[in-house]
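Positions are given from 1 along the sequence. Not measured: the values here are computed from a predicted model.
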Amino acid sequence: MTFTTKASSACTSEPGPVKPTIPLVAFFDRLQETALATFGKTNFDPKVYVDLSLKFELSKTQKAFDQLPKSANGSASVKDLKEFIAEYFEDAGADMVLAEPEDFVPEPEGFLPKVKNPEVRAWALEVHLLWKNLSRKVSDGVHKRPEFHTLLPLPQQCVIPGSRFREVYYWDSYWVIRGLLASKMYDTAKAIVSNLIYLIEEYGYVLNGARAYYTNRSQPPLLSAMVFEVYKRTGDVEFARKSLPALIKEHEFWNSGIHKVTVQDSQAQKHTLSRYYAMWNKPRPESSTIDKEFASNISNVYEKQHFYREVASAAESGWDFSTRWMRNQSDFTTLATTSILPVDLNAFILRMEHDIALLAKVTGDHNIAERFLKASEARYEAIKTVFWNAEKGQWLDYWLGNSTCNAEAQMWEACNQNQNVFASNFVPLWIEPFFSDASLVEKVTRSLQSSGLLCDAGIATSLTKSGEQWDFPNGWAPIQHMIVEGLARSGLTEAKLVAEDIAVRWIRTNYVAYKKTGTMHEKYDVEKCGAFGGGGEYIPQTGFGWSNGVVLAFLEEFGWPQDRRINC
């Protein structure tokens, strides 16, 4: 099939929108550069410097910084810079304080009833206990002097991922909530939703994370799924009703302006889909020194800005970074995220439309329910038409044409589907009505089994060993969960067996790594049972919100029989 495409209000040869940032973030960019020049690259984490909090007014701090003696390359003496930071800033992370959740109990009533193995049960209770370690509230100082901090003044307690991720993150929160629901911590789950709704009310969308430097982008939109899961467990209609206006506002964000793309198929049928597109064309503040180094060989100012936008857009996807977004898999500067219609993003928005329709129905708003049911039917057709590849038995990302600025629609070839295998090619299986189509599930299950993604310790993110963290051999908790849950919900015996097999492998690798290292990890190496993942622009992180949530959700769904071994 050939395609015609027209991108809405944005093009690849004109600058897109830029969301202005606060003066504190701009100052921290300078501090970060000086710190790198002074301390060197070894164990340098640029994010530390944008997570500091001021002790004094910014003008006083800047003046003192400007008076630091610096060499020609911008470095200060190690002693001077360390003393300056100690005198003028609170440590990164001091803006959040530990806060024990009121609904936490050491062993909740009815906790994981299908887990019969005592060893696994004891470990599950330790994972459950980690919610206390990861629970925070914004410090009083942030509420009193928000201009001294990059942390945003969230109204409720929250759960952070862990390690360098010392603030709330958007899509992480879905799997944190799934774990909290298994832990019977319904109030904590509702508080997380309230914080994300606060961000929509303040900014018009959920930010990537709860920091001032994340206002230029969002992350995979799963807030409606969080509201739906909490409603499903609690039956709290008032909670659903209060959440609806924010969900509708978020839907508008993803379906208008720069995110919206219209595709016309060969039968002249128009389909509306969405893409990632950050409102930013500078280095990401939290990784400014890294982005500048990558861009150092790009001489053209526009091309440099374009590269920075593509980097930030890849961060909006949650898959930062992966060869999935690159035109040339061996060249990071060929990131082209805004030129791709992503399968998973559109599956998430289809789910959003279903969720809003269902929540509107239970709260009695039948006009909204009808409107979003129609929207979901249209997107379902769009996903089938644009992404589905019957030969492969997968949904494939779609490359947009280069000249999307033309008023006239372009003719596209079907070969603009990205033929490379990524775990995201199977994510629509998580969404109704795909998982209830028996023949489709059968075909997709066979495709998954022969894809090369299924490994000893779970599903790999891609087949490419690039050194990026969203590529082979890393496996990530959310990917395992979405694909497993889709297979399990299908009702097909074979699909359910594949789902349980993947879940068992994943639980096992998490358990063995925990026993070896004493912690849960952000990502795992799926080639080796009990090994955590690596690659990317920072050292492997521990904690870890979504990994904890998925292990508890899997144990709740599949249990663990008394006689099943837990070691590799």
Side-chain angles (χ1 to χ4, degrees), residues 161 165 169-172 175 208 217-222 274-278 284 286-287 290-291 294 307-348 387 392 394-400 416-428 448 451-455 458-483 521-527 532-541 546-547:
F165 301 113
Y169 283 81
Y170 181 7
W171 80 314
D172 296 59
W175 288 279
N208 182 142
R217 62 183 189 257
S218 186
Q219 252 193 341
L222 292 169
S274 304
R275 62 174 166 181
Y276 294 112
Y277 201 114
R284 292 165 299 148
E286 75 281 10
S287 301
I290 296 170
D291 291 356
F294 272 116
F307 168 68
Y308 289 142
R309 190 184 298 281
E310 296 300 341
V311 172
S313 300
E316 182 170 65
S317 79
W319 282 51
D320 43 339
F321 294 100
S322 170
T323 52
R324 182 181 173 198
W325 311 120
M326 299 178 201
R327 292 190 188 277
N328 174 352
Q329 296 195 343
S330 60
D331 184 356
F332 188 76
T333 64
T334 66
L335 280 171
T337 323
T338 64
S339 294
I340 294 167
L341 288 176
V343 165
D344 45 0
L345 171 60
N346 285 282
F348 298 148
F387 299 126
K392 285 180 86 88
Q394 299 171 25
W395 295 268
L396 306 179
D397 289 338
Y398 203 88
W399 281 94
L400 294 168
N416 280 354
Q417 287 186 330
N418 185 345
Q419 299 293 318
N420 293 319
V421 177
F422 298 99
S424 48
N425 297 6
F426 299 92
V427 164
L448 177 64
S451 67
L453 293 174
L454 292 187
C455 297
I459 303 168
T461 314
S462 80
L463 299 180
T464 307
K465 200 165 191 172
S466 66
E468 299 300 343
Q469 60 172 357
W470 286 84
D471 273 320
F472 191 86
N474 284 344
W476 294 79
I479 298 292
Q480 318 300 315
H481 183 259
M482 289 185 284
I483 294 173
H521 296 266
E522 179 195 24
K523 54 189 178 275
Y524 293 85
D525 179 342
V526 294
E527 283 193 296
F532 58 84
E537 65 182 24
Y538 53 81
I539 61 169
Q541 301 297 295
W546 64 16
S547 298

Visitor: Do W395 and N346 have side-chain heavy atoms sitting under 4.5 Å apart?
Guide: no
Visitor: Judged by atom type as modelled, is there a donor-acceptor pair below 3.5 Å linking the side chain of Q469 to the main-chain atoms of E537?
Guide: no
Visitor: Using distance alone, with no hydrogens and no angle criterion, decide if S466 and Q329 have a side-chain donor and acceptor under 3.5 Å apart.
Guide: no
Visitor: Using side-chain heavy atoms (C-beta onward) and a distance below 4.5 Å, is L463 in contact with N420?
Guide: no
Visitor: Please check if any side-chain donor atom of S547 sits under 3.5 Å from a side-chain acceptor atom of E522, or the reverse.
Guide: no
Visitor: Within the side chain of R309, is there an N or O that forms a donor-acceptor pair under 3.5 Å with the backbone of A278?
Guide: yes
Visitor: Once you measure the plane-to-plane angle for W325 and Y276, does it fall in the parallel (<30°), tilted (30-60°) or perpendicular (>60°) bin?
Guide: perpendicular
Visitor: Compute the ring centroids of F321 and F332, then answer whether they are less than 6.0 Å apart.
Guide: yes
Visitor: Give, for atom CG of N425 and atom OG of S451, the distance between the pair rounded to the nearest 0.5 Å.
Guide: 9.0 Å
Visitor: Locate the shortest heavy-atom distance separating D397 from V343; write the atom from each residue and the value.
Guide: OD1-N, 2.9 Å
Visitor: Working to the nearest 0.5 Å, report the span between CG of L453 and CZ of F472.
Guide: 9.0 Å
Visitor: Can you find a heavy atom in the side chain of P221 that is under 4.5 Å from one in the side chain of Y170?
Guide: yes
Visitor: Could you report the tightest heavy-atom contact between L335 and V311, atom names first, then the distance?
Guide: CD1-CG2, 3.7 Å
Visitor: Before accepting this row, confirm whether a basic side-chain N of the pair R324/D344 lies closer than 4.0 Å to the acidic partner's carboxylate O.
Guide: yes
Visitor: Tell me, yes or no, whether the heavy-atom count around F532 atom CZ, taken from other residues, nucleotides or ligands under 6.0 Å, exceeds 12.
Guide: no
Visitor: May I ask you to decide if the ring planes of W476 and W470 are parallel, tilted or perpendicular, using 30° and 60° as cut-offs?
Guide: parallel
Visitor: Can you name the closest pair of heavy atoms from G318 and Q219 and give their distance?
Guide: CA-NE2, 4.2 Å
Visitor: I would like to know whether E316 and R275 meet salt bridge (Lys or Arg N to Asp or Glu O under 4.0 Å); could you show each step before the answer?
Guide: CA-CA 10 Å; E316 182 170 65; R275 62 174 166 181; over 6 Å; no
Visitor: Going by an N to O cut-off under 4.0 Å, is there a salt bridge joining E286 and R217?
Guide: yes
Visitor: Evaluate side chain to side chain contact (heavy atoms under 4.5 Å, CB included) for F422 paired with Q394, printing each intermediate quantity in order.
Guide: CA-CA 10 Å; F422 298 99; Q394 299 171 25; over 6 Å; no
Visitor: Looking only at heavy atoms, what is the nearest atom pair of S313 and T338, with distance?
Guide: OG-CG2, 3.4 Å
Visitor: Quick one: pull up OG in S339 and OH in Y398 and give me the separation to the nearest 0.5 Å.
Guide: 13.0 Å
Visitor: Write down the atom of N474, the atom of G533, and the distance for their closest heavy-atom approach.
Guide: OD1-CA, 3.3 Å
Visitor: Does one side chain, of T464 or D471, offer a donor that lies under 3.5 Å from an acceptor on the other?
Guide: no
Visitor: side-chain contact (heavy atoms from CB on, under 4.5 Å) with P161: which residues, sequence neighbours excluded?
Guide: F165, Y169, D172, F544
Visitor: For L345, which of S274, P220, S317 qualifies under side chain to side chain contact (heavy atoms under 4.5 Å, CB included)?
Guide: S274
Visitor: Could you go through the side chain to side chain contact (heavy atoms under 4.5 Å, CB included) check for T461 and W319 one step at a time?
Guide: CA-CA 10 Å; T461 314; W319 282 51; 3.4 Å; yes
Visitor: Can you tell me how far CE of M326 sits from OG1 of T333, rounded to the nearest 0.5 angstrom?
Guide: 9.5 Å
Visitor: Report yes if some heavy atom in the side chain of P473 is under 4.5 Å from a heavy atom in the side chain of K465; otherwise report no.
Guide: yes
Visitor: Indicate the atoms forming the closest heavy-atom contact of A423 with I479, along with that distance.
Guide: CB-CG2, 3.4 Å
Visitor: Heavy atoms, side chains only, cut-off 4.5 Å: are N418 and I340 in contact?
Guide: no
Visitor: Any side-chain to backbone donor/acceptor pair from T334 onto N328? Under 3.5 Å, distance only.
Guide: yes
Visitor: Please round to the nearest 0.5 Å and tell me the distance separating atom CH2 of W546 and atom NZ of K523.
Guide: 9.5 Å
Visitor: Does any part of the side chain of Q541, heavy atoms only, come nearer than 4.5 Å to the side chain of H521, both counted from C-beta?
Guide: no
Visitor: L448 versus I483: any side-chain heavy-atom pair under 4.5 Å?
Guide: yes
Visitor: So do the side chains of F387 and L396 get within less than 4.5 Å of each other, counting heavy atoms only?
Guide: no
